[in-house]
Amino acid sequence: MTERYVKICGLSTPGTVAAAVEAGADALGFIFAPGSVRTVEPAMVRQLIAGIPEAVETVGVFRNQPLDVVLSTAAAAGVSTVQLHGEEPLADIRAAQEAGYRTLRAFSAPTYAALSSAGRAEWARERILLDAVDPGAGETFDPSVLAGRAPGGFWLLAGGLTVDNVAALLNSSGATGADVSSGVESRRGVKDTGLIRAFIAAARSAAG
Ligand SMILES: O=C(O)c1ccccc1N[C@@H]1O[C@H](COP(=O)(O)O)[C@@H](O)[C@H]1O
């Protein structure tokens, strides 16, 4: 049985980064997209991730930003992975990979489900993240839109995940893992270490 992959996103403090790492998170996410309550500076992220185990992916989250901004911000922060959460083309993913980053390309679930088979084939080799329409808003999406249309490779489920729904949604969707932000916050933009620990335990309890 394979353990589900868990990404805790929108981190901004040493205590919540430490809690996520200690609880076994596979990836930590930092928001570089402008305009979010969770947006952080690259220099701060560099300090937050100094000394964490190399096996933990550190993910810079971008949304429709110019490629040169994505690459320079990721380099300044020292993250391992670039998550493109807008309408970025495959060429941007390839450029990030050529610059040495791992990548995640996020789609809203309805957008991904509406892709033609040729459209899905274009993304078939990439690591995919499927989210609700409004990223980081704590909204779920109807998993039935993905019936017969879920990605065939590594993909993360996001959008309104919580301690209470993550195991069931992982099991029903067949996702490789879970990505959460709002569901581990005590109030918008404020992460809760207890919820982070409980979420990771709940995601791990899903059948692999
Ligand atoms: O969290 C944000 O503010 C954000 C801003 C811009 C792009 C993506 C963002 N977050 C992503 O949203 C999901 C988590 O959603 P939820 O809050 O758990 O419903 C995750 O993929 C984040 O990377």
Side-chain angles (χ1 to χ4, degrees), residues 4-13 16-17 20 25-42 44-45 48-49 56-66 69-70 73-74 77 79-88 92-93 96 101-112 126-143 145-146 151 154-170 173 175-192 195-196 198-200 202-203:
R4 301 301 181 134
Y5 187 101
V6 184
K7 171 170 170 268
I8 306 292
C9 202
L11 292 161
S12 61
T13 66
T16 52
V17 165
D26 297 289
L28 312 178
F30 303 94
I31 305 296
F32 295 129
S36 168
V37 67
R38 307 180 181 103
T39 304
V40 286
E41 292 298 323
M44 189 180 97
V45 171
L48 286 173
I49 65 178
V56 178
E57 260 190 89
T58 50
V59 184
V61 178
F62 300 87
R63 191 176 193 201
N64 293 331
Q65 291 155 268
V69 170
V70 170
T73 305
V79 293
S80 63
T81 302
V82 161
Q83 173 177 323
L84 300 184
H85 213 109
E87 284 83 47
E88 295 86 350
D92 284 14
I93 288 284
Y101 296 101
R102 301 186 75 188
T103 56
L104 280 165
R105 170 62 155 86
F107 292 85
S108 82
T111 300
Y112 185 84
E126 306 309 321
R127 298 196 309 165
I128 298 294
L129 194 164
L130 298 183
D131 196 359
V133 173
D134 190 3
E139 288 169 8
T140 51
F141 65 84
D142 177 2
V145 297
L146 295 175
F154 178 105
W155 72 279
L156 298 182
L157 178 68
L161 298 180
T162 66
V163 170
D164 295 327
N165 67 14
V166 64
L169 287 170
L170 282 174
S173 67
T176 311
D179 183 10
V180 65
S181 191
S182 305
V184 292
E185 291 178 347
S186 53
R187 64 188 158 84
R188 191 159 170 73
V190 180
K191 291 287 181 291
D192 181 294
L195 286 174
I196 290 172
F199 183 89
I200 293 171

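Start at 1 and go down the list; that is how both ligands and their atoms are numbered.
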In order of chain and number, which residues sit within 4.0 Å of ligand 1 by heavy atom? K7, C9, I31, A33, S36, R38, V61, Q83, H85, L129, D131, P135, G136, A137, G138, E139, A158, G159, G160, D179, V180, S181, S182
Could you work out, with salt bridge (charged side-chain N to carboxylate O under 4.0 Å, His left out) as the rule, every residue matching R188, not counting sequence neighbours? none
May I ask you to decide if the ring planes of F154 and Y5 are parallel, tilted or perpendicular, using 30° and 60° as cut-offs? perpendicular
Working to the nearest 0.5 angstrom, can you tell me the gap between L48 CG and S12 OG? 7.5 Å
With respect to I196, which candidate in V17, T16, V163, V180 satisfies the side-chain contact (heavy atoms from CB on, under 4.5 Å) definition? T16
Between CG on residue L11 and CD1 on residue I49, distance to nearest 0.5 Å: 11.5 Å
Residue that, paired with T81, satisfies side chain to side chain donor-acceptor pair (under 3.5 Å) out of K7, R102, E57: E57
